[in-house]
Amino acid sequence: MPLQAQRKVYDVCIVGSGAGGGMAAYMLTQAGADVVLLEAGGPWDNTKDSVMLKWPYDSPLRGASTKERPFGEFDACIGGWDIDGEPYTRAPGTEFGWWRARMVGGRTNHWGRISLRFGPNDFRRKSLDGLGDDWPIGYDDVAPYYDRVDDLIGIFGSRENLPNEPDGHFLPPPAPRCYELLVKEAADRLEVTCIPSRLSIITRPHNGRAACHYCGQCYRGCHTNSNFSSTNVLLPPAQATGRLTLITGAMAREVTLGSDGLANGVAYVEKAGGADQHVRARIVVLAASACESARLLLNSKSGRFPQGLANSSGLVGKYLTDTTGTDVAGFIPKLMNSIPHNEDGVGGGHLYCPWWLDNRKLDFPRGYHIEIWGGRGMPSYGFMGGIESYPEFGGYGTALKDSYRRLYGTTVGFSGRGEMIPNEKSFCEIDPVVKDRWGIPVLRFHWEWTDHEYRQVRHMQETFRALIDEMGGEVFSPMPTREKGYGIAAGGRIIHELGGARMGSDPARSVVNAYGQAHDVRNLFVADGASFVSQADKNPTWTILALSMRTSEFIAAQRGQGAL
Ligand SMILES: Cc1cc2nc3c(=O)[nH]c(=O)nc-3n(C[C@H](O)[C@H](O)[C@H](O)COP(=O)(O)OP(=O)(O)OC[C@H]3O[C@@H](n4cnc5c(N)ncnc54)[C@H](O)[C@@H]3O)c2cc1C
Ligand code: SF4
C-alpha cells in the first residue's frame, strides 16, 4: 500500500484522545515531548458545542435518540453501537455490543463520571481466591497516581475508610436527593453499605475551572468545564505547551515497524478523502480503547510479527472482560404527590453502594457495586419509561396529565455493576473476511459468561428487589429466570470492556509489562484498558487515567535516560 511518508519524526505518536490518550498527551507534552495525536473522530469543544441548558420541548425530537447519538439527541458523545462503514462481527451464538465514540475526547464526553479506585484486593484476586490472574503491580504502585489524578481533575466523595474502596483526595459531595434518602434508609435497614458517590465533577472551583452549578445534564457536556472529559481537562493544557499536533479524522490502520524491529510510526486513513497517510514517531502509544488497540496490534502484521505486533504470546485480543450488569426499577408510592421541589444536582446519583459482603460466604466469587437512579430529572422523550408500567395510571387528557404530575419522581432504580472473571472463551480476533469501509480488517467477538457471573447477577436481582420492597415499592418486572441469565446484560453492553493486551511479568503470559510497554517492542506502549489483568467491581476509567499517567511518566523517564 502506498504511504505518503512525512518527513517530520515526532517523539511520540498517540492513537486515540479519550481517557488513556488524553492523559498520555497531557503528561508527555508537559514532559517536553513533541507529540502527534491521531483521533478517528472530529473536533468538539464542550464550552461551545454542549447544549447543556436546552429544553427538550424546544426540539422537534424532544430529546429522542438519533443514529449518531444513541443516548439522546442532546448527548455530547457521537458514536454508538453501530457506526456506518465500521462493522464488527460476532461468532455464532455470541451476544456482544461494542460501543465506540468517534470524536475528540472519546467516550469521556459522555461517561457517567463514576470515578472509583481499584482497591488493594483488586490487584491480587488470584492470590485470594485462585481465579483469574494477579496484576504485576499492587495498589501501592498505583496509589500515588490516583492521588495525582484526583488533584489534577477533581473528584467529590467522602472519607469512609472501607477496606477495599480506597478514599481519595475528595472535594465535598453534594447532599442526597429526596429519593436517595429513602434508598439510604432502606439500605441501612438491610445492612447494605450506602455512601456518597465518587464522581469527577467539581463541587468547588478547582484548577481554574468553575464549580458545578447543579444543572444535572453532565452527559450533554459541560459549558463551564465543571465535569471531567479528556476534551476539556487534559487536551487544552497539552495544546497550550505548543508541543501537541492533533490530527482529527485520522483512522489508524496499523503500527509500522522499522528494520530494527522497533515501531517507527502509524499508518492511518485520512477519513475525509480516504487517502492513506503515515506519521513517523520514535515511540508509539496505543489508546484507541481496549478492543481497538487489540485490533491495531493484530492488524500490524509483518515478517517479524506474522501473528500481529507484540503478539508472540498469542494473547493479543484474549481475556476480554466487561462489567457484569443488570437493572431493576420500581414504583415507590411514598414518593407520589410530593411537594414540587428542585432535585437538581450533578449529572449522576449522589449516593451509591460499594460492595459490602464477603464472597467467601456466598456462592459467587466476586463482588459488585450498586448505582442508584430515579428522582425528578428533566422530562424528555421516553420520560418515566411509559406511564402504562405504573399500576392504575394513564388514560387521556386531564387524567393523563394528572397521572404524570402525581407520578413524577416516583421511580427508583438500581443497576448492579460487578466483576467478571477473565475466561478463555471471551476474546476478540480479526474476522477473516469482513473489512471496514477503508479495507481495514474488523474484529470478531467471542463471549461467554460463566456461572460465577450468573450467580452474581442473580444476587443483584434479589438485592434490588429487596431494597424496593423495603421502600414499600412495587417492582416493574418479574424476576428473570436462569434461562434468561437472571437479566445479565450482554457482553460489552456496560461499556467497560477491558483486556486484550494484558500486563504481566512473564512475556509468555502477557503482552505488556507493568508499565504498559510491549514485551516484544520496547518503544510500543498501551495506555488504555487493554492492559488490564482483571476487571474489579469498580468502573475502570479512574484506573485507566492513573495507569496512563504512570506509563507516560515511565516513557518520559526512559527518554530522559536515552533508553527510548
Ligand atoms: C454511556 C457510558 C457511560 C460510562 N460511564 C462510566 C463511568 O461512570 N465510569 C467509568 O469509569 N467509565 C464509564 N464509561 C467508560 C469510559 O467511558 C471508558 O472506560 C473510557 O472512556 C475509556 O477510555 P479510552 O481512552 O480507553 O477510550 P475512549 O474514551 O473511547 O477513547 C478512544 C478514542 O480513540 C479513538 N479511536 C478509536 N479507534 C481509532 C483508530 N483506529 N484511530 C484513531 N483513533 C481511534 C476514538 O475515536 C476515541 O476518541 C462509560 C462509557 C459510556 C459510553
Ligand atoms: S451538573 Fe454540573 S458538571 Fe454537570 S453539566 Fe451541569 S454544571 Fe456541568
Side-chain angles (χ1 to χ4, degrees), residues 14-24 37-42 44 46 50 52-53 70-71 75-81 83 86 99-116 154 174 197-203 209-232 247-254 266 268-269 271 286-293 295-296 299 323 344-349 371 417 436 438 440 494-498 526-532 538-545 548:
I14 301 170
V15 182
S17 64
M23 179 59 84
L37 174 51
L38 300 180
E39 168 50 56
W44 166 266
N46 42 283
S50 151
M52 185 170 86
L53 298 178
F71 292 115
D75 198 287
C77 199
I78 300 165
W81 301 104
I83 300 179
E86 298 190 46
W99 208 95
R100 289 161 294 169
R102 287 290 176 264
M103 65 193 296
V104 168
R107 286 174 288 171
T108 67
N109 289 292
H110 171 111
W111 71 308
R113 298 179 174 86
I114 299 170
S115 303
L116 304 176
S197 298
R198 296 168 172 191
L199 305 187
S200 43
I201 296 168
I202 51 175
T203 52
R209 291 156 52 212
C212 170
H213 55 268
Y214 300 139
C215 76
Q217 301 302 319
C218 284
Y219 72 100
R220 298 183 182 195
C222 185
H223 256 300
T224 55
N225 282 341
S226 309
N227 62 23
F228 168 72
S229 68
S230 170
T231 330
N232 65 347
I247 307 182
T248 54
M251 185 73 192
R253 178 193 287 279
E254 64 178 288
V266 177
Y268 68 95
V269 181
K271 283 166 63 179
L286 297 183
S289 77
C291 301
E292 182 72 18
S293 290
R295 178 189 181 204
L296 279 162
N299 275 332
T323 294
D344 286 352
V346 301
E371 298 174 9
R417 298 287 180 253
D436 68 13
W438 304 286
I440 309 174
I494 307 300
I495 324 183
H496 289 167
E497 65 285 354
L498 299 172
V526 170
D528 56 22
S531 66
F532 278 46
K538 324 288 192 307
N539 314 46
T541 309
W542 221 238
T543 304
I544 293 176
L545 288 160
S548 174

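Remember, predicted model here, so these are calculated numbers, not experimental data. We count ligands from 1, going down the list as the structure has it; atoms in each ligand are counted the same way.
Near Gly345, with a cut-off below 4.0 Å to any heavy atom, the atoms of ligand 2 are 1 (S). Under a 4.0 Å criterion applied to the non-hydrogen atoms of Asp528, ligand 1 contributes the atoms 26 (O). Taking a cut-off of under 4.0 Å to the non-hydrogen atoms of His496, the atoms of ligand 1 that pass are 6 (C), 12 (N), 13 (C), 14 (N), 15 (C). Distances below 4.0 Å separate heavy atoms of Arg113 from the following atoms of ligand 1: 7 (C), 8 (O). Interface atoms of ligand 1 facing Gly20, defined by a heavy-atom separation under 4.0 Å, are 25 (O). Proximity to Gly106 (heavy-atom distance under 4.0 Å) selects the following atoms of ligand 1: 29 (O), 31 (O), 48 (C), 49 (O).
The protein heavy-atom contact nearest to atom 44 (N) of ligand 1 is Ala40 N, 3.0 Å. In this structure, atom 42 (N) of ligand 1 lies nearest to the protein heavy atom Ala252 N, 2.8 Å. Among all non-hydrogen protein atoms, the one lying nearest atom 5 (N) of ligand 1 is Gly112 N, 2.8 Å. Protein heavy atom nearest atom 1 (S) of ligand 2, with residue, atom name and distance: Gly216 N, 3.2 Å. Among protein heavy atoms, atom 14 (N) of ligand 1 sits closest to Trp111 CB, 3.7 Å. Nearest protein heavy-atom neighbour of atom 8 (O) of ligand 1: Ile114 N, 3.0 Å. Among protein heavy atoms, the minimum distance from atom 19 (O) of ligand 1 is reached at Thr541 OG1, 2.9 Å.
Checked by distance only, ligand 1 and Ile544 stay at 3.5 Å or farther apart across all their nitrogen or oxygen atoms. Close N/O approach between Glu292 and ligand 1 is found [any backbone or side-chain N/O within under 3.5 Å]. Inclusion of His110 in the set of residues having an N or O under 3.5 Å from an N or O of ligand 1 is not warranted. Any N or O atom pair closer than 3.5 Å counts here, and Met251 shares no such pair with ligand 1. On a distance-only criterion, Ala19 and ligand 1 share at least one N/O pair closer than 3.5 Å.
Between Ala288 and Ser293 the shortest heavy-atom distance is N-OG, 3.2 Å. Contact record, Ser17 with Gly105: OG-N, 2.9 Å, taken as the closest heavy-atom pair. Here the shortest heavy-atom pairing between Arg113 and Ser229 reads NH2-CB, 4.2 Å. For the residue pair Arg209 and Asn227, the shortest heavy atom distance occurs at NH2-O, 3.3 Å. The minimum heavy-atom distance linking Val104 with Asn109 is given by the pair O-ND2, 2.9 Å. When every heavy atom of Arg102 is checked against every heavy atom of Glu39, the shortest pair comes out as C-OE2, 4.4 Å.
Between the Trp44 side chain and the Cys77 main chain, no donor and acceptor come within less than 3.5 Å of each other. With hydrogens and angles disregarded, no donor-acceptor distance shorter than 3.5 Å links the side chain of Asn299 to the backbone of Glu254. Under the 3.5 Å distance criterion, the side-chain polar atoms of Asp436 are matched with a main-chain donor or acceptor of Ile440. For Thr108 (side chain) and Ser230 (main-chain N/O), a donor-acceptor pair under 3.5 Å exists by modelled atom type.
The residue from Gly16, Ser293, Ala250 that puts a heavy atom closest to atom 43 (C) of ligand 1 is Ala250. Looking at Arg107, Arg253, Glu39 and measuring to atom 21 (O) of ligand 1, the nearest heavy atom belongs to Arg107. Comparing heavy-atom distances from atom 46 (C) of ligand 1 across Gly18, Ser197, Ala101 singles out Ala101 as nearest. Atom 51 (C) of ligand 1 has its nearest heavy-atom neighbour, among Leu38, Ile495, Val15, Asn539, in Ile495.
Ligand 1 has Phe71 within reach: a non-hydrogen atom of the residue lies less than 4.0 Å from it. Contact annotation: Ser50 has no heavy atom less than 4.0 Å from any atom of ligand 2. Under a 4.0 Å heavy-atom criterion, Arg100 is not in contact with ligand 1.
Residue contacts with ligand 1 for Arg295 are absent, since no atom lies close enough (heavy atoms, distance under 4.0 Å). Counting heavy atoms under 4.0 Å from ligand 1, residue Arg102 touches it through both backbone and side chain.
Annotation: side chain of Leu38 is not in contact with side chain of Ile14 (no heavy-atom distance under 4.5 Å). Here the side chains of Lys538 and Arg198 are not in contact, with every heavy-atom distance at 4.5 Å or above.
Here NE2 of His496 is found 5.0 Å from OG1 of Thr323. Values are rounded to the nearest 0.5 Å. Rounding to the nearest 0.5 angstrom, the gap separating the CG atom in Asp528 from the OG1 atom in Thr541 is 11.0 Å. To the nearest 0.5 Å, atom CE of residue Met251 and atom CH2 of residue Trp438 are 5.5 Å apart. With rounding to the nearest 0.5 Å, the separation of CH2 in Trp99 from CD1 in Ile495 is 6.0 Å. To the nearest 0.5 Å, the span separating CD1 on Ile78 from CZ on Arg107 amounts to 15.5 Å. A distance of 10.5 Å separates OG in Ser50 from OH in Tyr219, rounded to the nearest 0.5 Å.
Ring planes of Phe71 and His110: tilted class, angle from 30 to 60°.
For atom 8 (Fe) of ligand 2, the neighbouring protein N/O/S atoms at less than 2.8 Å, given as residue and atom, are Cys222 SG.
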